[in-house]
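Excluded from the calculations below are hydrogen atoms, water molecules and symmetry mates; all remaining heavy atoms, backbone and side chain alike, are included.
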2 protein chains.
Amino acid sequence: MPTDDTKSDPRTLTTVLNAIDIIRALMHLNGAGVTELANHLGESKSTTYTYLKSLEKGGLVRKDDDRYRLSYDMLIFGEYVRNQSLLYTIGKSEVDNLAAETGQYAHLVVEESGRGHNLYKSKGEQAVGDGYQMAKFQQRDYLHITASGKAILAYLPRERVEMIIDRYGLPARTEQTITCKDRLFEELADIREQGFSHNNEEEIEGFQAIGAPIRSRDGTVLGSLSVSGPKSMFGEDSECQRIIDLVTKVANVIEVNVNMHRRSSEIVKDET
Amino acid sequence: MPTDDTKSDPRTLTTVLNAIDIIRALMHLNGAGVTELANHLGESKSTTYTYLKSLEKGGLVRKDDDRYRLSYDMLIFGEYVRNQSLLYTIGKSEVDNLAAETGQYAHLVVEESGRGHNLYKSKGEQAVGDGYQMAKFQQRDYLHITASGKAILAYLPRERVEMIIDRYGLPARTEQTITCKDRLFEELADIREQGFSHNNEEEIEGFQAIGAPIRSRDGTVLGSLSVSGPKSMFGEDSECQRIIDLVTKVANVIEVNVNMHRRSSEIVKDET
DNA sequence: TGTCAGTGTTCAATATATACGAACGCCCCA
DNA sequence: TGGGGCGTTCGTATATATTGAACACTGACA
């Protein structure tokens, strides 16, 4: 396998990066045969085969009839990571309540490497669509295009925001997406003043959202909460205000509980 | 790094298996520093460091302050695998209903490499404990110790059951766990006759469960459904019978819907 | 304030693992 | 019945991983 530029540092294990490429490709292709995968990655069939067999031996990949697929061990890792997050263990039921009270989708989001990861999503009774609609909300997304993302950006140090923009740019998803850096910084200042963020069809046409940050006692942003639904939901001022109040209230409840939990853990730690 | 026996096949990529070992270790140690991890795995610090940096570059691991941890990308893979499963996408809401109606825990399980994987769990109002209690139910478990596992074993070909027993044995979790092969096969025959399985404190002291298989039209077992709770729940015959009826009914609903969906997908496929 | 024991990180030399094409057997469809 | 697709195996050419020793840094403790 030729050494390519993204893997060029002689002090990284190319074999590990290749294996990860295969894992990601298996996800994007929804499972694949050896030949298909080899062509997709531009590698030889025999090499690809060796990787698949090794990943299978390691338990990350299974061969299901005619295709290699990611195994259920991936689910174990995923659940583990989720349960490691205080925001999730403490916030889950609150997010469910929020979805129930608003009838819409509620999302709990954390930042990692400059992008927003959906830690948990809950669907209210009146939320449009089911499996299909739910899939519209990516598991991971750019921070500038969602209400939850902007709520996080607003409380990150400016230099980190700059770095994130440098890395990913400000790609547009719809006509409304904020693609101008100055515009974004203005909005982040507004968010800090108001205490909540608003997504005005910047991610999906016809969809709006309200987000609020969840911060630790030292001011660091831990994540954010959001409610999203069809723009008609946010049209009437009274209803829109109700959602804003609910989102900020619930975000605050989670924030207080997380900080309480952290404080008590610290006390236990100090005593040992 | 010395070649050890489990990795001895010259045609498997040791680097890939080593990387997977590190991923698993990071989970079991709840994140780790370089030295701690190197000691745990019996490898040199520098080697371990190279792996961690490569995994970080690949996005599977993040360095969080002072420890290396699994990244949120793992959550992406996990959610992807879950959503690939028809049993989950179709069964989720049914499992929620079942948990609501019984007030207990409901689990949706699939088999992979001879073990049961929890595809989805739902917690009813009266279910004892919360985060802690929930954690009692592993993400993956041996098939002979749970109601859902036994429901699956009952409908696997006998030779596969034999292979699974040869591979993992019949380890005991409690006094009640079935550890005798003949005893197990008797019970599997009973399950086939009754159409449901019963876990009598074989996994956790004080906990019982009822399970039922979900099968495809050709008879293959796709997974299983179960409800579990404190033994007092299953003491009264009337209540126990109610749970049996509910579990078998809901398993059947999921079964019918999954098979309907599969049939219509096949038709679409044939038409192309 | 200085020392110590711990950490993560770098490097050059050594040891060993990975990559590939060509060939095989297999199955399905024409 | 043959051809084209697939997954799989193998020998060899070549690129890769492994290691201990050394360094910089941090925080604890005296």
Side-chain angles (χ1 to χ4, degrees), chain A residues 1-23 25-26 29-58 60-69 266 269-272, chain B residues 1-23 25-26 29-58 60-69 266 269-272:
Chain A
M1 197 177 284
T3 329
D4 84 37
D5 15 318
T6 63
K7 301 170 187 171
S8 54
D9 179 353
R11 297 200 133 65
T12 32
L13 305 174
T14 59
T15 309
V16 171
L17 294 182
N18 291 337
I20 295 174
D21 284 348
I22 288 189
I23 290 173
L26 282 179
L29 298 173
N30 269 327
V34 178
T35 312
E36 182 184 357
L37 189 58
N39 291 340
H40 180 84
L41 295 168
E43 303 290 352
S44 77
K45 252 191 342 176
S46 47
T47 301
T48 305
Y49 177 74
T50 315
Y51 274 92
L52 285 171
K53 279 298 168 203
S54 305
L55 286 165
E56 188 182 27
K57 200 164 185 174
L60 263 46
V61 159
R62 69 173 200 272
K63 190 178 179 183
D64 159 40
D65 286 346
D66 53 345
R67 294 171 87 76
Y68 288 89
R69 300 177 187 280
E266 277 162 25
K269 208 172 158 190
D270 288 350
E271 281 171 355
T272 48
Chain B
M1 198 178 284
T3 329
D4 83 38
D5 14 321
T6 64
K7 301 169 187 172
S8 53
D9 178 354
R11 293 201 130 71
T12 28
L13 305 173
T14 60
T15 310
V16 171
L17 294 181
N18 292 336
I20 295 174
D21 285 348
I22 288 189
I23 290 173
L26 282 179
L29 299 172
N30 269 327
V34 179
T35 311
E36 182 183 357
L37 189 58
N39 292 339
H40 180 83
L41 296 168
E43 302 291 353
S44 76
K45 255 193 336 178
S46 46
T47 300
T48 306
Y49 177 75
T50 315
Y51 273 93
L52 285 170
K53 280 297 168 204
S54 305
L55 286 166
E56 188 182 27
K57 199 165 185 175
L60 264 45
V61 159
R62 70 173 199 271
K63 189 177 180 185
D64 158 41
D65 286 348
D66 53 345
R67 295 170 85 76
Y68 288 90
R69 301 178 186 279
E266 277 162 25
K269 210 174 158 188
D270 287 350
E271 281 173 356
T272 47

Excluding sequence neighbours, so at least two apart, what forms salt bridge (Lys or Arg N to Asp or Glu O under 4.0 Å) with A:K53?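 Expected list: A:E56.
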Protein and nucleotides 20-25 of chain D: nitrogen or oxygen contacts under 3.5 angstrom:
residue	atom	partner	partner atom	Å
D:dG20	N7	B:S46	OG	3.4
D:dG20	O6	B:S46	OG	2.9

Between A:I22, A:L55, A:I20, which is the residue that forms a side chain to side chain contact (heavy atoms under 4.5 Å, CB included) with B:V16?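 Of the listed options, the one satisfying the test is A:L55.
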Would you mind reading off the distance between [X] atom [atom1] and [N] atom [atom2], rounded to a whole angstrom?
{"X": "B:D64", "N": "C:dG8", "atom1": "CG", "atom2": "P", "answer": "13 Å"}
{"X": "B:D66", "N": "D:dG27", "atom1": "CG", "atom2": "P", "answer": "11 Å"}
{"X": "A:R67", "N": "D:dC6", "atom1": "CZ", "atom2": "C1'", "answer": "13 Å"}
{"X": "A:D65", "N": "C:dC27", "atom1": "CG", "atom2": "C1'", "answer": "15 Å"}
{"X": "B:L52", "N": "C:dT9", "atom1": "CG", "atom2": "P", "answer": "9 Å"}
{"X": "A:L13", "N": "C:dT16", "atom1": "CG", "atom2": "P", "answer": "17 Å"}
{"X": "B:N18", "N": "C:dT16", "atom1": "CG", "atom2": "P", "answer": "14 Å"}
{"X": "B:E36", "N": "C:dG8", "atom1": "CD", "atom2": "P", "answer": "9 Å"}

Return the [atom1] to [atom2] distance between [X] and [Y], rounded to the nearest 0.5 Å.
{"X": "B:E36", "Y": "B:L29", "atom1": "CD", "atom2": "CG", "value": "5.5 Å"}
{"X": "B:L37", "Y": "B:Y68", "atom1": "CG", "atom2": "OH", "value": "10.0 Å"}
{"X": "B:L60", "Y": "B:I23", "atom1": "CG", "atom2": "CD1", "value": "5.0 Å"}
{"X": "A:L52", "Y": "A:L26", "atom1": "CG", "atom2": "CG", "value": "6.0 Å"}

Pairing residues for B:D64 by the side-chain hydrogen bond (donor to acceptor under 3.5 Å, both in side chains) criterion, not counting sequence neighbours: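 Applying side-chain hydrogen bond (donor to acceptor under 3.5 Å, both in side chains) to B:D64 gives B:R69.
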Could you work out, with side-chain hydrogen bond (donor to acceptor under 3.5 Å, both in side chains) as the rule, every residue matching A:T35, not counting sequence neighbours?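 side-chain hydrogen bond (donor to acceptor under 3.5 Å, both in side chains) list for A:T35, sorted by chain: empty.
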With nearest nucleotide decided by heavy atoms, which residue, B:T15 or B:A32, maps closer to the 5′ end of DNA chain C?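 Looking at the nearest nucleotide for each, B:A32 comes out on the 5' side.
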Residue [X], side-chain atoms from C-beta onward, closest of [options]:
{"X": "A:Y68", "options": "D:dG7, D:dA17, D:dT8", "value": "D:dT8"}
{"X": "A:Y49", "options": "D:dT8, C:dC20, D:dG7", "value": "D:dT8"}
{"X": "B:V34", "options": "C:dT9, C:dT18, D:dC6", "value": "C:dT9"}

List, with names and distances, any nitrogen or oxygen atoms from the protein found under 3.5 Å away from nitrogen or oxygen atoms belonging to nucleotides 12-14 of chain C.
residue	atom	partner	partner atom	Å
C:dA12	N7	A:R11	NH2	3.3

Using side-chain contact (heavy atoms from CB on, under 4.5 Å) as the criterion, list what pairs up with A:T50, not counting sequence neighbours.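 Result, side-chain contact (heavy atoms from CB on, under 4.5 Å) vs A:T50: A:S54, B:L13.
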Please tell me if A:T35 has a side-chain N or O lying less than 4.0 Å from either OP1 or OP2 of D:dG5.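 False: A:T35 side-chain N/O out of range (4.0 Å or more) of D:dG5 OP1/OP2.
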Would you kindly compare A:V16 and A:T50 by the position of their nearest DNA chain D nucleotide and give the one closer to the 5′ end?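 That would be A:T50.
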